[in-house]
Amino acid sequence: MQPKRFDPRYPRDEGVSTRSWLKPSEHALAEMDPDVVLECGWGRLIFGQTFKDQAEIGRVLRAEAEGRRDIALYLRDPHVLVAMRPDELFIDPSLTYRLWFHHYRSARQPQRGIVVRKMRTQADAEATNRIYAVNGMVTADPEVMWANQRTRVFTYLVAEDADTGEVIGTVTGVDHTKAFNDPEKGSSLWCLAVDPQSPKPGVGEALVRTLVERYQARGAAYMDLSVLHDNEAAIRLYEKLDFVRVPVFCVKRKNPINEPLFTSGVEEISDLNPYAKLIADEALRRGVRVRVLDAAWGEMELAHGGRTIVTREALSELTTAVAMSRCDDKRATRRVLTAAGLRVPRGRESDGTEADAAFLEEIGEAVVKPARGEQGLGITVGVSDAEHLERAIELARGFCQDVLIEECVRGEDLRVVVIDHAVTAAAVRRPAAVIGTGKHTIAELIDKQSRRRAAATDGEATIPVDDHTRDCIAQAGYGLEDVLGEGESLRVRRTANLHTGGTIHDVTPKLHADLAEACITASRVIDIPVVGLDLLVPAVDGPDYVFVEANERPGLANHEPQPTAQRFVDLLFPQTRSPV
């Protein structure tokens with residue numbers, strides 16, 4: 001994709017940011033507040049055009065707090081500043097885009113099903129942090145966000161799902177006039193983020209348009225933003241809205257958070273899938289050396305002091321072969337958990353005889369699954385007659401010759417992550433669903449939702465259009481070429497597996513103490529240091545459950561903002577733990 005070039009129509013005066021590569025006039029500098037630094041909670045914005053002494057910006061950057069990401073922009077000579085401190089500073093590999101408001105065209109129709117509004121409560125600030133975390137962004141202090149939103153300098157917007165009331169996106173705006181008496185009447189956009197699990201299309205565009213229109217109404221002249229050079233999806237959105245490239249650069253400090261942006265190993269780290277990269281980023285933040293052994297496999301060597309551990313995502317050398325085999329074979333999982341007095345669904349191993357059908361008749365409805373396998377492959381839910389049972393067994397045997405038939409227990413699909421025999425995260429998983437537009441066929445909706453899930457998970461999650469999907473749609477009375485009514489939700493998969501487009505929703509604070517205790521017991525009897533336990537529960541805040549399976553390599557990235565990566569690195573390198 002070829003980015004738009006710098007718009008030649010920018011003002012031709014000696015501006016402080018429109019022509020930041022020239023020395024601005026004294027009268028322009030005199031109008032502005034000096035040495036302006038804004039605290040954003042995730043770091044500080046340092047407005048270089050307000051500094052008479054550009055070297056002072058380097059001193060400000062050196063005062064960056066641990067775990068934060070400061071950004072200096074609108075510097076007159078960013079390369080000179082970096083050359084003065086090459087061991088500490090670098091030019092961020094991002095592009096700056098600008099929207100001149102007199103070029104902006106409003107949308108012909110508002111985005112349906114999305115409500116964009118200002119941040120109203122601290123709960124909105126916490127929801128904003130959740131969305132930052134799932135997008136791999138640095139989280140912000142909620143109290144700082146809450147204090148900032150009370151000023152005219154900052155504008156915090158959230159996008160709300162009109163059907164569920166859930167916050168599914170966020171963006172922050174900064175009014176340069178209010179911040180430092182900007183003579184050019186500029187503004188800037190920061191921290192655009194959308195919940196990757198939301199099925200609603202157009203959330204990012206709705207947020208950007210609302211922010212633009214608010215600042216346009218205030219009399220601002222333009223809006224700037226910084227976007228990573230390879231974020232093609234975001235760049236397409238901005239160029240669609242008539243943002244154009246401008247020669248403005250950001251300078252950042254060389255810290256562990258920014259390390260992938262300036263080290264020679266950035267390509268290897270960025271090639272990791274989200275589950276391995278989350279761990280690599282946390283390890284680097286603590287000063288743990290990361291060597292990627294096999295990016296496609298998610299395999300890394302982590303080293304700190306005299307200790308070296310090889311990991312594959314959340315699976316490490318600390319997990320024994322015996323513990324791994326207890327998770328790998330669902331029959332073994334059932335035996336170990338049952339022996340410990342933990343509850344599992346009624347079940348039997350298929351032997352191909354009439355006893356299979358007799359068991360189905362006894363339990364009424366079954367789940368048929370390969371005894372060994374992952375990612376939901378080969379599983380059929382809702383088997384209720386002999387013919388369906390036969391087809392389901394045949395499907396499962398395509399993945400493993402040994403097949404389990406289990407009672408179909410209704411309830412919430414709960415995943416609990418236990419690290420070092422302590423519950424770290426709990427989340428409810430829901431099957432893939434699409435929301436009708438009144439215009440698109442179900443097949444088109446699936447394709448669009450599948451592409452969004454793939455983009456949000458680096459290709460880890462897609463919705464397959466297979467017999468399972470067709471059966472699920474048919475059971476609801478539809479076909480792939482039917483047009484789903486506007487706002488109507490349709491589940492297109494029966495299983496909530498994330499790799500087939502399912503979504504995951506954090507419920508850690510709601511987890512009942514009995515469920516937590518059962519999961520800790522399960523981790524101990526399996527004798528595994530890191531495990532993802534799958535349960536079916538009537539309610540996450542109640543004591544009832546059945547265990548379905550155990551996963552020796554749970555996807556820690558699925559559970560942000562819970563500190564799964566932090567606890568995992570604590571387990572591997574306890575000496576790097578932050579003091580309490």
Side-chain angles (χ1 to χ4, degrees), residues 1-13 15-21 28 38 40 45 47-49 71-75 92-111 114 116-118 152-159 169-194 201-250:
M1 180 179 60
Q2 291 295 321
K4 292 184 181 179
R5 297 181 179 278
F6 175 59
D7 192 331
R9 296 168 288 183
Y10 59 81
R12 293 289 177 175
D13 60 8
V16 294
S17 70
T18 55
R19 292 172 66 80
S20 60
W21 54 97
L38 298 183
C40 300
L45 290 178
F47 288 91
Q49 70 268 57
I71 301 174
L73 69 164
Y74 303 120
L75 284 75
D92 183 59
S94 293
L95 309 176
T96 302
Y97 274 78
R98 173 169 294 171
L99 174 65
W100 296 102
F101 285 163
H102 63 277
H103 294 161
Y104 174 71
R105 299 185 301 276
S106 298
R108 293 180 180 177
Q109 292 183 334
Q111 190 66 46
I114 301 168
V116 178
R117 58 173 176 78
K118 284 190 69 173
R152 293 277 287 171
V153 173
F154 289 89
T155 301
Y156 289 89
L157 299 180
V158 296
T170 180
V171 71
T172 303
V174 174
D175 187 326
H176 296 182
T177 302
K178 300 295 182 183
F180 54 87
N181 294 320
D182 182 10
E184 295 182 340
K185 301 184 184 301
S187 64
S188 52
L189 177 155
W190 301 94
C191 302
L192 176 66
V194 176
V203 178
E205 181 174 343
L207 284 162
V208 175
R209 285 189 180 278
T210 302
L211 189 67
V212 165
E213 289 163 10
R214 291 199 175 206
Y215 281 123
Q216 189 178 42
R218 287 190 186 185
Y222 63 83
M223 177 173 286
D224 285 352
L225 60 86
S226 179
V227 57
L228 204 60
H229 70 96
D230 58 357
N231 190 347
E232 295 188 0
I235 290 171
R236 280 196 299 270
L237 168 61
Y238 299 138
E239 293 189 345
K240 171 186 173 182
L241 300 180
D242 281 336
F243 281 82
V244 294
R245 286 273 304 277
V246 289
V248 174
F249 304 95
C250 295

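Here, residue 1 is the first one in the sequence, and each next residue gets the next number. All values below come from the heavy atoms of this structure, side chains included, with hydrogens, waters and symmetry mates left out.
Using a 4.5 Å cut-off on side-chain heavy atoms (C-beta onward), V212 and L241 make no contact. When side chains are defined from C-beta on, S94 does not count as touching C250, because their heavy atoms never get closer than 4.5 Å. Side-chain contact between L75 and F249: absent, with no pair of heavy atoms (C-beta onward) separated by less than 4.5 Å. A heavy-atom distance below 4.5 Å is found between the side chains of L157 and R214. At a threshold of 4.5 Å between non-hydrogen side-chain atoms, the residues H176 and Y74 count as touching. Residues D175 and R152 fail the side-chain proximity criterion, which asks for heavy atoms closer than 4.5 Å. Between L237 and L192, the closest side-chain pair of non-hydrogen atoms falls below 4.5 Å.
To the nearest 0.5 Å, atom CG of residue D92 and atom CG of residue L228 are 6.5 Å apart. A distance of 9.0 Å separates CG in N231 from CZ in R236, rounded to the nearest 0.5 Å. In this structure, the separation between NZ on K185 and CZ on R218 is 12.5 Å, given to the nearest 0.5 Å. How far CG of D224 is from OG of S187: 7.5 Å, rounded to the nearest 0.5 Å. Here the OG1-CZ distance, from T210 to R117, works out to 12.5 Å after rounding to the nearest 0.5 Å. Taking OG1 from T172 and CG from L189, the interatomic distance works out to 8.0 Å, rounded to the nearest 0.5 Å.
In this structure, the side chain of T155 does not engage the main chain of V174 through any donor-acceptor pair within 3.5 Å. Here the side chain of Q111 pairs a donor or acceptor atom with the backbone of P201 at under 3.5 angstrom.
Qualifying ring pair (Phe, Tyr, Trp, His ring centres under 6.0 Å) partners for F154, counting only residues two or more places apart in sequence or in other chains: Y156. Y238 meets the ring pair (Phe, Tyr, Trp, His ring centres under 6.0 Å) test with F243; sequence neighbours excluded.
Between F180 and F47, the angle of the ring planes lies from 30° to 60°, which puts this pair in the tilted group.
Between L95 and R245, the shortest heavy-atom contact is CD2-CZ, 3.7 Å. The shortest non-hydrogen separation linking A107 to Y104 is N-OH, 4.5 Å. Of all the heavy atoms in V153 and K178, the pair that sits closest is CG2-O, 3.7 Å. The two residues L38 and A179 have their closest heavy-atom pair at CD1-CB, 4.1 Å. Closest approach of V203 to G169, counting heavy atoms only: CG1-CA, 4.2 Å. Looking at every heavy atom in both residues, A193 comes nearest to L207 through O-CD1, 4.2 Å.
Here D242 pairs with R105 in a salt bridge; the nearest charged N to carboxylate O distance falls below 4.0 Å.
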